[in-house]
Amino acid sequence: MEVAKQEFTRSGTNASLDDIVREAGVGAGTLYRHFPTREALIEAVYRTEVEKLAAAEKKFSETMRPIEALRAWMLLFVDYIATKQIIAPALNTLVGGPSKLYEGSRGHIQEAIDALVKRAIKNGDIRKDLDPFDLLRALIGVSNVASSPDWQQSARRLVDILITGSRPAK
């Protein structure tokens, strides 16, 4: 999945499946047995990214202070948005559209940010009146600066601004 993500990021959704197979060190049969179409592979990459976000919430919460865990997850979300923007046109061509795929991912993402924000509020790192969904909306807005080549660096700086603005007033 990581090799496919990298190739799609580098070359777009029309990346060579032969290059993906070669870079991953697997045979073409292995790729097509698991992903019979390009769309199936793209959908799997998207699902993997959502699963990484959900798993990261738990990992970060176990290994980092609440505010650091929230920041790390928000930065990972910026990477997720980058991947989603690249593969979204292909996801939109799926039979029936991507709505079911997006619908399932929305819940996982919402649960993750809810848990991180609640933990940071409990620790006193974040203001008590912060709605996790508002922070997620702001983060999505930050990621909408994707029109310039250096948008990810800008989005990372904006994550720090969001964190600073979310701190309790003194």
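Basis for what follows: all heavy atoms, side chains included, without hydrogens, waters or symmetry-related copies. Everything numeric here is computed off the predicted structure, so don't read it as measured data.
- Between the CZ atom in Arg22 and the CD atom in Glu7 there is a gap of 9.0 Å [rounded to 0.5 Å].
- Salt-bridge formation is not detected for the pair Asp160/Arg157: no Lys NZ or Arg NE/NH1/NH2 atom is positioned less than 4.0 Å from an Asp or Glu carboxylate oxygen.
- A side chain to side chain contact (heavy atoms under 4.5 Å, CB included) with Ile163 holds for exactly one of Leu158, Asp125, Leu70, Leu135; it is Leu70.
- Once rounded to the nearest 0.5 Å, the distance linking CZ of Arg167 with CD1 of Ile126 reads 6.5 Å.
- Residues Leu75 and Arg156 are in side-chain contact: their nearest non-hydrogen atoms beyond the backbone lie under 4.5 Å apart.
- Within the 4.5 Å cutoff, the side chain of Leu76 has heavy atoms near those of the Leu53 side chain.
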Could you walk me through whether Tyr46 and Leu41 pass side chain to side chain contact (heavy atoms under 4.5 Å, CB included), step by step?
CA-CA 9 Å; Tyr46 176 77; Leu41 179 59; over 6 Å; no

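- Atom CG of Leu136 and atom CE of Met74 lie 9.0 Å apart (nearest 0.5 Å).
- Lys59 has no carboxylate O lying under 4.0 Å from a charged side-chain N of Glu62, or vice versa, which leaves the two without a salt bridge.
- Taking 4.5 Å as the limit, some side-chain heavy atom of Arg119 sits within range of a side-chain heavy atom of Ser61.
- Considering OG1 of Thr63 and NZ of Lys58, their distance stands at 13.5 Å, rounded to 0.5 Å.
- In this structure, Arg47 pairs ionically with Glu43, as a charged nitrogen and a carboxylate oxygen lie closer than 4.0 Å.
- Looking at Arg71 and Glu68, no side-chain N of the basic residue comes within less than 4.0 Å of a carboxylate O on the acidic one, giving no salt bridge.
- Under 4.0 Å is where a charged nitrogen must lie from a carboxylate oxygen, and between Glu57 and Lys52 no such pair does.
- Scanning all heavy atoms of the two residues, the minimum distance from Val78 to Ala155 falls at CG1-CB, 3.8 Å.
- Note that CG of Asp129 and OG of Ser166 are 9.5 Å apart. Values are rounded to the nearest 0.5 Å.
- Atom CG of Asp114 is separated from atom NZ of Lys118 by 5.0 Å, given to the nearest 0.5 angstrom.
- Two residues are said to be in side-chain contact when any heavy atoms from C-beta on lie closer than 4.5 Å; Phe77 and Val159 fail this criterion.
- Asp131 is linked by a salt bridge (Lys or Arg N to Asp or Glu O under 4.0 Å) to nothing, counting only residues two or more places apart in sequence or in another chain.
- Side chain of Arg65 to backbone of Ala120: no donor-acceptor contact under 3.5 angstrom is found.
- Side-chain contact between Leu17 and Tyr32 is present, with at least one heavy-atom pair separated by less than 4.5 Å.
- In terms of heavy-atom proximity, Phe60 sits nearest to Trp73 at CE1-N, 3.5 Å.
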Between Leu130 and Val117, is a side chain to side chain contact (heavy atoms under 4.5 Å, CB included) present by the stated rule, with each step listed?
CA-CA 8 Å; Leu130 180 73; Val117 167; 4.0 Å; yes

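- Shown here for Leu116 and Ala69, the closest heavy-atom pair between the two residues is CD2-CB, 3.8 Å.
- A pairwise comparison of heavy atoms in Arg38 and Ala15 identifies NH1-O, 2.7 Å as the closest pair.
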